[in-house]
Structures are given as structure tokens and as C-alpha cells.
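So you know, we letter chains A, B, ... as the sequences are listed, proteins then strands, and number each from 1.
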There are 2 protein chains.
Amino acid sequence: MEKESIGRTQLRNRNLKLVLQQIINNPGTSRVAISHELNLNKSTISSLYNSLAEDHFIEELGEGASSNVGGRKPIMARLNKKYGYTITFDLGYRQVHAVANYLNSEVIDHQEINTKGQPIEVMLQYCSDFVKEMQGEVVSNQGLLGICFSIHGIINQNKIVNSPWIEMNDTDIVEQFKETFDVPVILENEANLSAIYERDFNAGRYYHNSITFSIHRGIGAGIILGKRLFRGKQGEAGEIGRSLTLLGPNTAGQSVESFCSEEAIINRVKQLKHDDTIDRQAVVDLYRSKDHEVMRILLQSCSVIAGLMYNVVTTLNPDAIFINSELLAELPDLLTEIKDNYQDIAQEELPIALTKNTKFATLLGGCSLITHYVLGMMDYELHFEEAN
Amino acid sequence: MEKESIGRTQLRNRNLKLVLQQIINNPGTSRVAISHELNLNKSTISSLYNSLAEDHFIEELGEGASSNVGGRKPIMARLNKKYGYTITFDLGYRQVHAVANYLNSEVIDHQEINTKGQPIEVMLQYCSDFVKEMQGEVVSNQGLLGICFSIHGIINQNKIVNSPWIEMNDTDIVEQFKETFDVPVILENEANLSAIYERDFNAGRYYHNSITFSIHRGIGAGIILGKRLFRGKQGEAGEIGRSLTLLGPNTAGQSVESFCSEEAIINRVKQLKHDDTIDRQAVVDLYRSKDHEVMRILLQSCSVIAGLMYNVVTTLNPDAIFINSELLAELPDLLTEIKDNYQDIAQEELPIALTKNTKFATLLGGCSLITHYVLGMMDYELHFEEAN
DNA sequence: TTGTAGGTTGGTTGCTTAAACAAACTAACG
DNA sequence: CGTTAGTTTGTTTAAGCAACCAACCTACAA
């Protein structure tokens, strides 16, 4: 909403970025195509294009197909992925997951190490090592451009406000990595990154408003409205796990999270089975072996999730819902259950889909976010391809 | 998000609007002040300013106060309110409310007539008459600029999708009035207009994200995110009345609306008292006379509303909440009740305020909306003053 | 007290600059 | 030859700049 004034230089800058956006989102486009798309004069585009080319943002692919009535063939161009690269870490409860990507989001390398029970310092040491490794290996024009951390907690103003699963010991991740590597460092909530992934990769492209439910240890949601991530006043938007399951006089209602997060479910099964070694895999196995009690607990949870979903959809009327959950990925039956429950309540069609490749989604979301940032294109819609 | 390309003309146009925005939002500003605010050169501003002046958008107020160290006095300017005027109607269940406003939102005239039980055609005939009356009376530069209708129902693409209280008989309001008066005609949901009112007048100015609960016959919410009205995929965002009060296995949970809308409350009191003549005023009187059962019902409703509020706040993390309700306006005790309940659940501070002047809020919201529209400034933040 | 010089701010004017634009051109095709 | 892609060269236009005038203030001297 707050429009900024535009002088001559900002005009040029903006148009430069619009051209770059075209090149990123339509790999194998040409100058004329861009000119047509942006309603700017051919010569203007040529000028802008050449500026970008000088800065090594462009990779030319030779000639494309000419039209069927003759005429010169266009020179196809796409983003020069080797302009530079970014690194994204997911600081999980059980492990650290790391990935390095070229500017077009192509994965250069990824690693995962188990850090369960380890303090944050050890996790960050691993991250630091990974960055150094990449700096030694990856060849690119500008080198490392930026780093993103996926945090399972609440982020505000690029600071961790709340980290329920990992004790942070007042560690200032941003300061530390910015200092060491001299690149921008961004922290973002894991559910938000999942949402960004859905927006910028594959499916979500055509949806303006989507909500990504992230159901792991806790329950959160990433909210995309008007193609923009909505973070709320203090970055707490989407903390739907705290929603009440019961509105009414006895306001001491249970929160959704305390009832059907993975954590809660595992605990309930633990109690039920008097077995403290139960973990997610055990729950999955029990469900698959059609254990009656476990099935009941999970189906109950699905019903609650469906209700929560209905309430959120009712307030936001989004185009689609995504769910990012390892548990559901392993037990797709439950997705059907949720969908059916939702249908019963809503009587309305709404695309509900599982996020494919649960863990990578977050990382790629982070890759997209930091890429947007380093290009100075936070408010530009960028699409990326996910390799298969 | 979708950025449009900017050529020379659009640049000029945009800067023109930015200058106009400054003049609207800071009545009694000067060229230098604008130049400073927009970071554009003095001479550039002068040029833009003069263009606007030629188009009669500007009213000069003579000289302002000079600074205490000497120097020429600035020439103060504000929006020429008599550039033109807009008209807004509220098509209520019981009455039609009409208002005409100058471009600065100043009320020229307003009327209200009782139309309870009358068909839509009669209501619109009255509206039509009002417009003609204004066209005869109001003197302004450009005359009537646009018309806005506040609809107690769902609007999508400027069409009525759902009108629970008034039978529309397939009447195409937009077509009809656009045809007759040859100006833009906009329909918008009443709760959304309330939200716009809170955003553009008085209080809400400083909030980026706010939610306005409109509790009348039904329950709806207007959602302002990033200073922008959020309408959802099909304009159904904010239909929170449909939220479930209970998430869980028996998904046939009650909707909030069926439980504590004004309609529902009155019906419950009717049943309880075996008196079919009960209306809002009767409920108010009964509460004031401390009728036990009525108090119970209302307090119960407050508790549900507070829970609903908590859930919505949990998903959106807004800066503030507004409530627009005639019932609450008459019984401010209930607001306290809601606030207390909310506090109990949330344990967090959040500004919760009643909309003053319940009925006018919607109309002024409509005025703001249509004014934005006719100025071609839908995406510009405009502030208006409400006369006292 | 008055008058004038010096400083300050508001706004205009005329010229410069740079980016978009337009049209004519070359290149490369069917 | 017609068509399409891209470049070149020159034009237009809106922003930027610098010098200016206008209108105010204060200080201070006659």
C-alpha cells in the first residue's frame, strides 16, 4: 500500500528488475517477448537487457524457433544460474538439513546430519563448516550471495522470538553468520517457508491466496495472501496450533496443538500403550497394523484438523490448502480422512494437497526467500523449477 | 505483488497521484513539504502540483505560518472538496440510509427511510430519487463522481453472490445505476466497509492489520491486511459467522452465527419468553432490567465471541480489533465482558474497540471506497476526517 | 524609530540529463 | 518479398539541477 515515490533512477531500477523477472520466470524468452509482455519499447528492453547481461545475469541459449511465416529467429535467454549461489539450513529438532542452490534454485549440494540432543552451538558449527565447504567447491560469478535459516519457532524482525524445540542460549545466528561470511542472513519460520515453497514452485503458482498447514511436532500455518507472505504484527500469524477446539462458556478450551500435533499424538499413544519408546515410526506401524486405539486417536485428530481447516478457510477464503506433514506423508489414508471430514462440514470444493517431499519443501522455500532478497526483489513474483 | 511496467506516462501519472495523496492526507501542506516527503525535486513537485491545480483538484488556503527564523511563508493547499461528490447507500434490513459526500468525505446530506418489508425495487427507487435530488442541489466542479452500495451479503466481482436478508429478485443494481447516472457504481459488503472506515478514518490509521467484527443480524468480519482490504477468493473472506464452535469428532458442530448473532439471540429470547414480539430493543431492556435468563444468554454469547476473536487473532495476529454492533453500542457492559473473556484466554494485550457511530461507519467506509475508486487511487492510502 | 543588510525559506524559471520512445535500419529467416 | 528479431540513431519527455525571485525574519546602525 505505501507507495514510494519514483524518480528517474528508481524507474530504471524497477524496469531492470521487471526484465530480470521475465527472464527468470520464462526461461528461454527473448527481447521481443519481454517487450511485448511489459509493454515497453523494444529498444528500451534491449537497453535494459544489455545492462543485465553486463552484470552477468543472463545466459544466452542460441537461437530459438522462428515463426512459421519466416523472420529472424529470436535469441533465447535465461537466468545465468551461476551468477552466484545461496545456502539454506533447516535447524530441525532431530537433524540439521543443509542445501546450496544456484540462483535459479537448482540444488548444488545437500547434506543432512543427525544432531538430536546436541546444543545449538554444535548445530551452527556444522552449518558454518558446510558454508566453508561450499565456498571451496562451488564456482560462480559472485560467489555466496546469502544464507537462510529455517527456524521451528516464531521470527520477528529477523530475530527468534520463540523457539519451543531448540534451546537457543541467546545465540545471535544472524550476527554470527553475517559477520563471518559477509552476506545477508535471513531467519524465517518453517511453516512460512513451506508456504513460500508452495507459492513459488510447481503447484501454488496459480493460486493468489493459499495456506500451508505445517503439522510436525507443533502445528503452524504459512499464509500467502495476494502472493505475499503474511506474517502479522509480530510474525505470529499462522500460529493456529493455539486455536481453541471449543468456543463457549468454559473458555478453558483445549488448544488444537495440545490435542493433535505429532507431539501430542505420540504422547497419547505412549500413555495408552504404557510404552515410553514410542516414536513417530511406531505410531505409523501401529496404524498400519490397524491397531484400534491408535486408529481412533489419529482419526479423531483428523476430524479436529478438518474442523480447524474449515474455520481458517471460513475466515480467509483462500484458493487452496496445502499440508506439510511427515506423518500424513507416510499415512496418506489420513489425508483422505481429513478431506472427507472437510467436505462434510464445508459442502464446498477446495483444493487440498499434500506437500511433496516434505523436508525439501522448507529448504527450497528458504532458497526462494533468500534469492528474492539478494536480488532486491522481495516484492516480485518469481517462479522456480524443482528438479526431478 | 504483480508489478506493472512503468513507462514515462505511468511514471508521471503515479507521481501525480502521490502528490494528490499528500495533499489529501495532509490538508494545509505546501509544495516544499511534499517535495521533502516524496524525495522529489522541488521543481518536479511544482510541475505536478500545477497539473493538479489545472484539473481543479487543489484549493489554496493562502499563506501559512512562516518558520521562526524567517523566510517566505508557504502557500497552504488542501484538496478541493468541491471537485465533485459521491453518494453511498446502505441497504439495510429495516431501512435505507443514504449519504452524499464531497471528495474530502465531508457529509453534504444524509437521509434515512424505513423500508422494512418493502421489496428491493422500492428501496432502489428511493435511492434513485436521492441521487436526482442531489444532482439538483449540490454544486461542484465535476458533479456526481460515483455511487457505492453497502450490501449485507457477499459480493464478488461487484456482483451480489448472496443476500440472506433481502430478496434481490435478480435485480442488477450496478447495471441499473450505471446506466441511469453514467458514473461508476460499486457494491461492497457491509462488514468490509466498516473495516475500511476504521482504516481510513480516525483510529485505524496507525494499524496496518486490523479486523472489524460486524455483529448485526449476522456475524461477519472485514479484514484489513497491510492496509488493504482482503476479500479472499470469492469475496467470502471474513464470513466468520460460519465458524464452528466445536472442533472434534462430532463435526456437526454449531456455527457461531447460529448461536450468537443478533438474530439468534433474539430468537432464543423469543422462545424463552414465549413472546414473538421481542426485538432488539426488548432484549436490551430485559438485560438492563437484569433479567436473569437474558443476561445468561448474552454473557454466553460474549464468551463465544471472545473465543472466536481469539481464534481469528491467533491465525492473523492483527494490530487491533474493532467491533461494530448496535447491540454492543447499547450495552457497553458486554464489551467489557468480551474483553475480559479474551484476556483470560489470550494473556496478551490487544486493542479492542467499539466502532463509534455504528451506522455512519458503513456509509463513510463506502464513501472512502468509492472516492478511492473514482480518483483511480484504489491502492493508495487515503485518510479522511470525520466531522463532529 | 526606521532602514537596511544578511540570512532563511518557498516557489518559479530555464537548462541539463537520462530514460523511454519512435523510426529507420540490419540480420536472418520462409 | 514479406516477416520477425534485434540494433542504431535521433527525439521526446519528465525528473533533476542551479540560479533566481519573493517574502519573510533578525540584527544592528543611523
Can you check each nucleotide of nucleotides 10-17 of chain D against protein heavy atoms at under 4.0 Å and return B for base, S for sugar-phosphate only, - for none, in 5' to 3' order?
--BBBBBB

Looking only at the aromatic ring of each residue, does the gap between the centers of B:Phe177 and B:Phe149 stay below 6.0 angstrom?
yes

In whole angstroms, how far is the C1' atom of C:dG11 from the CG atom of B:Asn50?
10 Å

All N/O donor-acceptor pairs, side-chain side in residues 26-37 of chain A, below 3.5 Å, sequence neighbours left out:
from	atom 1	to	atom 2	distance (Å)
A:Asn26	ND2	A:Gln22	O	3.2
A:Asn26	ND2	A:Gln22	OE1	3.0
A:Ser30	OG	A:Ala33	N	3.4
A:Ser35	OG	A:Leu40	O	2.7

When rounded to whole Å, the CD1 to P distance for the pair A:Ile45 and C:dA19 reads 14 Å

Nearest-angstrom distance from the residue atom CG of A:Asn13 to C1' of C:dA18:
14 Å

I need the NE2-C1' distance between A:His36 and D:dA5, as an integer number of Å.
14 Å

Less than 4.5 Å apart, any side-chain heavy atom of B:Glu106 and any of B:Tyr85?
no

Is the closest side-chain heavy-atom distance between B:Asp200 and B:Leu382 below 4.5 Å?
no

Value in whole Å for how far the P atom of D:dA23 lies from CZ of B:Arg72
6 Å

Could you check whether any side-chain N or O of A:Arg199 sits under 3.5 Å from a backbone N or O of A:Ser210, counting only pairs where one atom can act as donor and the other as acceptor?
no

So what does A:Ile75 hit on the nucleic acid, given a heavy-atom distance under 4.0 Å: a base, only sugar-phosphate, or nothing?
sugar-phosphate

Please determine whether any donor N or O and acceptor N or O are separated by less than 3.5 Å between the side chain of B:Lys73 and the base of C:dG10.
no

Point-to-point distance, once rounded to the nearest 0.5 Å, from CG of A:Leu16 to CE of A:Met377
10.0 Å

Please state whether the phosphate of D:dT7, meaning OP1 or OP2, lies under 4.0 angstrom from any side-chain nitrogen or oxygen of A:Arg31.
yes

Does C:dG11 have OP1 or OP2 under 4.0 Å away from a side-chain N or O of B:Ser46?
no

Interatomic distance, B:Lys42 NZ vs D:dA19 C1' [rounded to whole Å]
10 Å

